[in-house]
Amino acid sequence: MWWLLVPSVNGSEVFGLDDIFQSTSAPVLERKQIMHKFHEVTARLEQALSRISHENLDILEEVKEQVELVLAQFRRAKGRVDVPDVELYEDLLSLYNKNNDAEADPEVLRRLAEKLQLVGIAELMQESLALHEMVSASGGDPGAIFEKMSNLLKEIKDFVQTENPNLDAPAREKNLPPSSSSAQTTAVGNHKAPVIPDDFRCPISLELMKDPVIVSTGQTYERSCIEKWLEQGHRTCPKTQQTLSNPALTPNYVLRSLIAQWCETNGIDPPKRPSSSQPSKTKFACSPAELTKIQILLCKLSSSNPEDQRTAAGEIRLLAKRNADNRVAIAEAGAIPLLVKILSTPDSRTQEHAVTALLNLSICEDNKGSIISSGAVPGIVQVLKKGSMEARENAAATLFSLSVVDENKVAIGASGAIPPLVTLLSEGTQRGKKDAATALFNLCIYQGNKGKTVRAGVIPTLMCLLTEPGGGMVDEALAILAILASHPEAKSAIGAAKAMPVLVDFIGNGLPRNKENAAAVLVHLCAGDQQHLADAEELGVMGHLVDLAQNGTDRGKRKAAQLLQRLSRFVEQQKRSQSQAEAQAEQSLSQSRAQQP
């Protein structure tokens, strides 16, 4: 792209020159008009946001912070101009407007090539392709604007080739992306095969990614590899070992584009994506024999024979765990209502198989809606209350999986699921506690579930988890406290639980994420509460907060800054009050002495 910096809402924004050309029919760059439009939009957005009394809205503290941050950026952006880019603009304008027969100034061409990063054949080829795409998009009629852009590109290309006559192939070592590790090459015969950048390799297969997707921890994997990982029943990120907050896979379009560009630059055929990244509801890869087997299992599942039901539910559980095609085929065959029906069976093993089968089926996004519409939630909650420990754990995991969909958070919260989740968090195995914690965290994203969770007694349970030997649940406990702390009932319960010393200790000695969450809880706890501010100050939190404000995560720094500001005001107020009290005491003493004979 032809890059030109023009003022925008965040000070300066990068826009393609082709975008500017397409936005005007004038034969010159309408820079001033575009700048004026951006300033006008910035002012309007700033004015609109200023009118919103977001402090009075029932929204999360993090959302309020983001609004304030955006508003501050808009205010800083008003009237701000990027002076250093005037030279770039003028250089482009001089070339764009010059007569075709006139000789271009080599110094101007050199500056443009460097600033626009068009210093190699690969970049120039990419720019040429982009120009051809624009012509195609215009209906094949290039017009005067495209012709001038083409001439401008040709002049830069001729200059670059004149200055560097050896630049005759796109796969030169010096043209590899400078930011990647692929600047190294491996000799293969007489050719140099480029080394694939680490960021372009799947962390599981170590191969160049064809269809990169992002998991909830922010890591990127090849879709087929991470799907296989999830199908095997894992609930953690393979690279970081963090628990996945949800099983959703988001396409990483930016990385996919970068991989395609890298392949083109290095003369490699770009990797072919699978024709369909997601299993179709009507086209699945199960063989006729497998489909027949599923039908037989469903017949057993619907029979009145408890042994047949148990066997069929167990086999469906395993089939649904195996792969995505099976999950689609089993749901399409009508298994979900039958599995929901046997959740209420008195046979604990059958019950365990049924709820786990629903868990495995829920990994498929399309199946979540079917499970909810089949009335599964009350049965899952019943298993969560009365089932075996493994069944309860899998019931909690199923509720977590279903609660990924926002509207399901409301239905699950209203079903009575929260108290048994809190109970499992208290008395379950380590796996059961983690399943309960992730489900509760997800449910509490919906504001209406926060009060229910507090009233179910979660705060004392979380405090126990924070202080238990080993600290295996510290991350989850602090994360839940942080999301609950904005609720008035939670704030009161946290204060009553004498949490202040524990929170201050984590701010001083915890891991970065734990420091951040402990500070977030403290922000809500100290809001408008003089006693909590006094307690925190007495416990020596100021020193910990200064360190967090300098070395913490981005969110941790913001929370620390908020607390430091409140504590500083509190300390100043205390000093003033003490000075006034001392002055009054001195005055009273003077008056009493004056009255003595």
Side-chain angles (χ1 to χ4, degrees), residues 58 60-62 243 245-246 377 380-386 389 392-393 395-404 408-468 470-503 505-506 510 513-514 516-525 527 532:
D58 186 20
L60 294 174
E61 189 71 26
E62 286 75 11
T243 301
S245 61
N246 64 71
V377 172
I380 296 170
V381 172
Q382 191 61 29
V383 174
L384 183 62
K385 291 177 179 178
K386 305 289 186 182
M389 183 53 72
R392 291 169 66 193
E393 292 170 355
T398 307
L399 292 175
F400 158 68
S401 177
L402 295 174
S403 68
V404 169
N408 292 350
K409 292 179 175 65
V410 181
I412 294 170
S415 70
I418 290 174
L421 282 172
V422 173
T423 301
L424 183 62
L425 183 65
S426 173
E427 63 185 34
T429 63
Q430 190 71 4
R431 180 193 156 196
K433 289 179 179 179
K434 287 189 178 291
D435 287 331
T438 51
L440 285 168
F441 179 87
N442 228 29
L443 290 171
C444 288
I445 293 172
Y446 170 58
Q447 188 75 8
N449 286 334
K450 292 182 179 181
K452 295 174 184 176
T453 306
V454 175
R455 290 189 288 275
V458 76
I459 301 300
T461 298
L462 293 174
M463 294 308 301
C464 289
L465 294 176
L466 288 175
T467 54
E468 70 179 3
M473 290 293 296
V474 166
D475 294 354
E476 292 83 355
L478 281 172
I480 296 172
L481 273 179
I483 202 169
L484 285 174
S486 62
H487 194 277
E489 290 181 57
K491 179 179 174 179
S492 175
I494 295 169
K498 309 294 183 186
M500 184 66 71
V502 178
L503 294 171
D505 183 57
F506 275 112
R513 186 64 65 185
N514 294 337
E516 170 192 312
N517 282 326
V521 177
L522 215 55
V523 165
H524 293 293
L525 211 57
H532 284 319

Student check: side-chain heavy atoms of Asp475 and Thr243 closer than 4.5 Å = no
For Lys433, which residues count as a salt bridge (charged side-chain N to carboxylate O under 4.0 Å, His left out) partner, sequence neighbours excluded?
-> Glu468
Should we count CZ of Arg513 as having more than 12 external heavy atoms under 6.0 Å?
-> no
Tightest non-hydrogen contact, residues Ala437 and Ile480, listed as O-CD1, 3.7 Å
Has the side chain of Ser401 got a donor or acceptor atom that lies under 3.5 Å from a matching backbone atom of Thr398?
-> no
With side chains defined as the heavy atoms from C-beta onward, is the minimum distance between Asn449 and Val410 less than 4.5 Å?
-> no
Closest heavy-atom pair and its distance - Leu484, Cys444 = CD2-SG, 3.7 Å
Looking at side-chain heavy atoms only, is the closest gap between His487 and Gln447 below 4.5 Å?
-> yes
Considering all heavy atoms, the nearest Leu425-Met473 contact = CD1-CE, 4.0 Å
Distance col, row Leu525:CG vs His532:NE2, nearest 0.5 angstrom, shows 4.0 Å
What distance do Tyr446 atom OH and Lys452 atom NZ have between them, rounded to the nearest 0.5 Å?
-> 6.5 Å
Kindly give the heavy-atom pair with the smallest separation between Lys450 and Ser486, and that separation in Å.
-> NZ-OG, 3.2 Å
For Leu443 and Ser403 the tightest heavy-atom approach is CD2-CB, 3.9 Å
Spacing of CD1 belonging to Ile445 relative to NZ belonging to Lys409, to within rounding of 0.5 Å = 5.0 Å
Student check: side-chain heavy atoms of Leu465 and Glu476 closer than 4.5 Å | no
Can you see which heavy atom on Ala396 is nearest to which on Leu421, and at what distance?
-> CB-CD2, 3.7 Å
Between atom CG of Leu424 and atom CD of Glu393, what is the distance when rounded to the nearest 0.5 Å?
-> 6.5 Å
Would you say the side chain of Ile380 lies within less than 4.5 Å of the side chain of Val383, judging by non-hydrogen atoms?
-> no
Sole residue of Thr467, Asn517, Asn514, Leu462 in side chain to side chain contact (heavy atoms under 4.5 Å, CB included) with Val474 | Asn514
Tell me, with the steps shown, if Val502 and Asp505 meet side-chain contact (heavy atoms from CB on, under 4.5 Å).
-> CA-CA 5 Å; Val502 178; Asp505 183 57; 5.7 Å; no
How long is the gap from NZ on Lys385 to OG1 on Thr423, to the nearest 0.5 Å?
-> 9.5 Å
Do the non-hydrogen side-chain atoms of Leu503 and Leu478 ever get within less than 4.5 Å of each other?
-> yes
For the residue pair Met500 and Ile494, establish whether any side-chain heavy-atom pair is separated by less than 4.5 Å.
-> no
Salt bridge (Lys or Arg N to Asp or Glu O under 4.0 Å): pairs with one or both residues in residues 480-503, sequence neighbours excluded | Arg455-Glu489
Given Thr453 and Ile459, is the side-chain contact (heavy atoms from CB on, under 4.5 Å) satisfied, shown in steps?
-> CA-CA 9 Å; Thr453 306; Ile459 301 300; over 6 Å; no
